Amino acid sequence: MDNVLLPKTQQLVVFQEVIRSGSFGSAARQLGLTQPAISKIINDIESNFGIELMIRKNTGVTLTSAGQVLLNYSESITREMTNMVNEINSLSCSSVVDVSFGYPSLIGFTFLPEMIKTFKEVFPAAQVTMFENQLSSLLPALRDGRLDFAIGTLNDEMQLQDLQVELLFESEFVVVAAKSRTCTSTLTLESLSNEQWVLPQTDMGYYKELLNTLHHHHINTESIVKTDSVVTIYNLVLNAGFLTVIPKDMIAPFGSDQFIMLPVEDDLPVARYAAIWSKNYRIKKSASVLVELAKKYSSRNEAVAVN
């Protein structure tokens, strides 16, 4: 083990940039190095491993199978080293804290403002990047370290062995229509089988479980309109007569009274929300603080909803 010659961090950075930019010349311009210097670094790495890592062509470079292995590991290594530097720097009062995370619409409509307000009181100069999306869309960035953590819904079929999961709260979902629709009696899901439906675009989590429920009640799930835009969902419900299923806490967006909850007697699945992060990367202090704030404010929000 002591005789193994490990690549240097700069070599890994150069290797990644060559692949990202597509050529030695482009990588040299991006990194402020000469093209011969880039070539020497790549040649040194290949000599170190004794195997070709990329195929050079006039049109650019192509990874070999060994090169793909190195790229996967090198991205993890440089990301972890960046996190290490940031965490050490965070011990200095003059350092800038950064954190990035993803979440679904419900979080944005409920406790996110309180959570971020408190976080910025603790870290006023923090650089915070947030992505609103379903968990299925956030998982790739979560697994490769581009996101520090995400909040999303779970179901029993999800394969999350490589992820740390911390349950936050449960949420009731309801069938929602425009206020202009008159409804004086209790409905069944089957009685709504001829309606037009719109749901968030996702292939896992709560909405996958919901699609099974709707299908069980003879609603054609293949014809349901799916979108990653919550604004589009509200717009189709309000202006095109569509129905949707959303968290009960979202039926009055920004104080609007234009939506109603339909009285459906059939039970809908209850959503389980969790904070999730990769086991392959040590969670940053800033991300850990946000997770704790999510636990605090989600439990408070859940208590208010119950009362």
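The chain is numbered in sequence order, starting from 1. Predicted model, so just to flag it, every value in this text is computed and none were measured.
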Using side chain to side chain donor-acceptor pair (under 3.5 Å), reason through S278 and Q164 one step at a time and then give a plain yes or no. CA-CA 6 Å; S278 175; Q164 185 70 39; over 6 Å; no
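- Relative ring orientation between F254 and F109 is described as tilted, the plane-to-plane angle lying within the 30° to 60° band.
- In the hydrophobic cluster analysis, where Ile, Leu, Val, Met, Phe, Trp and Tyr join through side-chain heavy atoms closer than 4.5 angstrom, V270 is grouped apart from L262.
- Taking the side chain as every heavy atom from C-beta outward, W277 and D148 never approach each other to under 4.5 Å.
- Side-chain atoms of N235 do not come within 3.5 Å of backbone N or O of V231 as any donor-acceptor pair.
- In the hydrophobic cluster analysis, where Ile, Leu, Val, Met, Phe, Trp and Tyr join through side-chain heavy atoms closer than 4.5 angstrom, M261 is grouped together with L106.
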Report the C-alpha separation of Y207 and F173 in whole Å, then their side-chain angles, then the decisive distance to 0.1 Å, and conclude whether the ring pair (Phe, Tyr, Trp, His ring centres under 6.0 Å) test is met. CA-CA 10 Å; Y207 281 101; F173 276 57; 5.8 Å; yes
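- Summarising the geometry of E166 relative to K295, their closest heavy-atom pair is OE2-NZ, 2.6 Å, with the distance given to 0.1 Å.
- Minimum heavy-atom separation, I260 to K179: CG2-CA, 3.8 Å.
- Side chains of T118 and Y297: a donor-acceptor N/O pair is present below 3.5 angstrom, by distance only.
- Ring planes of F259 and Y234: tilted class, angle from 30 to 60°.
- I19 and I55 are not part of a single hydrophobic cluster, where members link through side-chain heavy atoms under 4.5 Å apart.
- Proximity of a side-chain donor or acceptor of Q11 to a complementary backbone N or O of K8 within less than 3.5 Å is detected.
- Between A28 and Q35, the closest heavy-atom pair is CB-N, 3.8 Å.
- No side-chain heavy atom of D162 sits under 4.5 Å from any side-chain heavy atom of K279.
- Other members of the cluster containing L154 are F131, L135, L138, L139, L142, L147, M158, L160, L163, V165, L167, M204, I276, with ILVMFWY side chains joined at under 4.5 Å, either directly or via other members.
- When the options L290, V291, T110, V289 are evaluated for a side-chain contact (heavy atoms from CB on, under 4.5 Å) with M115, the one that passes is L290.
- Across all their heavy atoms, S193 and H218 have their closest contact at CB-O, 3.4 Å.
- Checking side-chain atoms of S299 against main-chain N and O of K296 turns up a donor-acceptor pair under 3.5 Å.
- Each of V237, I251, L238, N239 was scored for a side-chain contact (heavy atoms from CB on, under 4.5 Å) with Q258, with one residue passing: L238.
- Cluster membership check: F49 shares its hydrophobic cluster with L63, using side-chain heavy-atom separations under 4.5 Å among Ile, Leu, Val, Met, Phe, Trp and Tyr.
- Looking only at distances, a side-chain donor or acceptor of T244 sits under 3.5 Å from a matching main-chain atom of V198.
- Judged by distance alone, the side chains of Q16 and S74 do bring a donor and an acceptor atom under 3.5 Å apart.
- When all heavy atoms of Y273 and I107 are compared, the pair lying nearest together is CD2-CD1, 4.5 Å.
- In terms of heavy-atom proximity, A125 sits nearest to K120 at C-NZ, 4.2 Å.
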